[in-house]
Each structure stands twice: as structure tokens, then as C-alpha cells.
Chemist: 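Handing you a structure now.
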Amino acid sequence: MENKNGFFEQVYQVVLQIPYGRVTSYGAIAAYLGSKGSARMVGWALNSSRFSKVSIPAHRVVNQAGLLTGKRHFGGQDIMEELLRSEGITVEGGQIMNMEHYFWDPSKELEGY
DNA sequence: TTGCTGACCGACG
DNA sequence: CCGTCGGCCAGCA
């Protein structure tokens, strides 16, 4: 495990495991990491992810309501929506349609990583 | 070193 | 039903 056990690194690993055309929520990642209440840190980690050399599909991470709360951090209000649409996800008004259909739960899919 | 902030979520009144 | 507050961890002034 070359994992540094850092919260950021763990978030990166989970986000990178998100399949194409799927999305997850901050709370799901936080819960998977064992810190349910640290959902805010997940977003903060993703904030640092854009400074990272690796391309993190942060556009696949939205809030529990499927709302693209972090779209403003992509350097454009429409970037995140366009990226999700290019993956076959219907986004309207900054919100994912049928979000539960695209929802990807790391604790279920990864089963403990 | 202390304190505030942050891409959230859930509980409480 | 809707508004408000606390909690979680890390980075920055």
C-alpha cells in the first residue's frame, strides 16, 4: 500500500475508482473513509486535487442531492455540467437527473478496498 | 500557535 | 416545513 493514509490521498484513491458515467457524493466518500462527518474535508481534498499533477474526476463528485455544488471551482459554471453530460449523465440546472441511477457507492462497490 | 474557513450532512426547534 | 447550528480534518494568515 503506497497509500500515505492521509485523508487527501484516500479521497483521491476513491475518486479515481469512480467508473465512467457514474457519480458519488461527498458524504459517501467520507463515510467510506470512516469519517462520516468529514464530508467537508472531501470537498477540500478535491480542491487540492486540481493542484495535483493527476487529473482527478472531481466532476463525478456531487452532494447527496445530486447538486453540482462544486461547479464554481472548475473554473467555469458550465465545465462540470459539460463533463458529466459527455459521460452520458443528464444534468439540468446544475443538478443531476436520475442521480440515484448514476450513484456509485464506494463502500458497496469497493467493499473495503 | 491560535483561529477561521471550506466543493457537506444530519439533527434540532 | 424551513432556518440554524454543530461536527468532522486540514490548510493558511
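Just so it is clear: chains get the letters A, B, ... in the order the sequence lines come, proteins before strands, and each one is counted from 1. Every heavy atom of this structure was used, including side-chain atoms; hydrogens, water molecules and symmetry mates were not.
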Chemist: Could you tell me which non-hydrogen atom of A:P106 sits nearest to which non-hydrogen atom of A:A28, and how far apart they are?
Modeler: CG-O, 3.9 Å
Chemist: Are A:V23 and A:Y26 connected in the hydrophobic side-chain network, where two residues link if heavy atoms are under 4.5 Å apart?
Modeler: no
Chemist: Please lay out, stage by stage, how A:I96 and A:T90 fare under the test side-chain contact (heavy atoms from CB on, under 4.5 Å).
Modeler: CA-CA 6 Å; A:I96 297 176; A:T90 304; over 6 Å; no
Chemist: Using a strict heavy-atom distance below 4.0 Å, which residues from residues 71-78 of chain A are in contact with DNA chain B?
Modeler: A:R72, A:H73, A:F74
Chemist: Is A:L16 reachable from A:V42 through a run of hydrophobic residues whose side-chain heavy atoms are each under 4.5 Å from the next?
Modeler: yes
Chemist: Would A:L83 and A:L46 show up in the same hydrophobic cluster when neighbours are defined by side-chain heavy atoms closer than 4.5 Å?
Modeler: no
Chemist: Walk along DNA chain C from 5' to 3' and tell me the first and last nucleotide with an atom closer than 4.0 Å to a non-hydrogen atom of chain A.
Modeler: C:dG7 to C:dG11
Chemist: Just checking A:A30: base, sugar-phosphate only, or nothing, at a heavy-atom cut-off of under 4.0 Å?
Modeler: nothing
Chemist: Quantified in whole Å, what is the P atom distance between nucleotide C:dC5 and nucleotide B:dC4?
Modeler: 15 Å
Chemist: Would you give me the side-chain donor-acceptor pairs under 3.5 Å for residues 97-105 of chain A, sequence neighbours excluded?
Modeler:
residue : atom : partner : partner atom : Å
A:Y102  : OH   : A:G88   : O            : 3.2
A:D105  : OD1  : A:S107  : N            : 3.1
A:D105  : OD1  : A:S107  : OG           : 2.7
A:D105  : OD2  : A:S107  : OG           : 3.3

Chemist: Any residue in residues 41-50 of chain A with a heavy atom nearer than 4.0 angstrom to DNA chain B? Just list them by number, or reply none.
Modeler: A:M41, A:G43, A:W44, A:L46, A:N47
Chemist: List in numerical order all residues of residues 89-101 of chain A for which some heavy atom is under 4.0 Å away from an atom belonging to DNA chain C.
Modeler: none
Chemist: side-chain contact (heavy atoms from CB on, under 4.5 Å) between A:V14 and A:Y32: does it pass, once the steps are laid out?
Modeler: CA-CA 9 Å; A:V14 175; A:Y32 173 71; 3.5 Å; yes
Chemist: Can you sort out the partners of A:R85 under salt bridge (charged side-chain N to carboxylate O under 4.0 Å, His left out), two or more places apart, ordered by chain and number?
Modeler: A:E81, A:E82
Chemist: Is there a continuous path of hydrophobic side-chain contacts, each under 4.5 Å between heavy atoms, that joins A:Y20 to A:L84?
Modeler: no
Chemist: Under the 4.5 Å side-chain heavy-atom rule for ILVMFWY, direct or indirect, which residues accompany A:F51?
Modeler: none
Chemist: Using atom CD1 of A:I79 as one end and atom P of B:dA7 as the other, report the distance to the nearest whole Å.
Modeler: 18 Å
Chemist: Nearest whole Å is fine: how far is B:dA7 C1' from A:I29 CD1?
Modeler: 11 Å
Chemist: Could you pull out every donor-acceptor pair under 3.5 Å between side chains of residues 55-71 of chain A and any protein atom, sequence neighbours left out?
Modeler:
residue : atom : partner : partner atom : Å
A:H59   : NE2  : A:E87   : OE2          : 3.0
A:R60   : NE   : A:E87   : OE1          : 3.1
A:R60   : NE   : A:E87   : OE2          : 3.0
A:R60   : NH1  : A:I18   : O            : 2.9
A:R60   : NH2  : A:E87   : OE2          : 2.9
A:N63   : OD1  : A:G66   : N            : 3.1
A:N63   : OD1  : A:L67   : N            : 2.5

Chemist: Could you list the protein-to-nucleotides 9-13 of chain B atom pairs, N/O on both sides, closer than 3.5 Å?
Modeler:
residue : atom : partner : partner atom : Å
B:dC9   : OP1  : A:Q64   : N            : 2.4
B:dC9   : OP2  : A:Q64   : N            : 3.3

Chemist: About how many Å separate CZ of A:R72 and CD1 of A:I79, when rounded to the nearest 0.5 Å?
Modeler: 15.5 Å
Chemist: What pairs of residues pass the side chain to side chain donor-acceptor pair (under 3.5 Å) test when at least one of them lies in residues 37-50 of chain A, not counting sequence neighbours?
Modeler: A:N47-A:R50
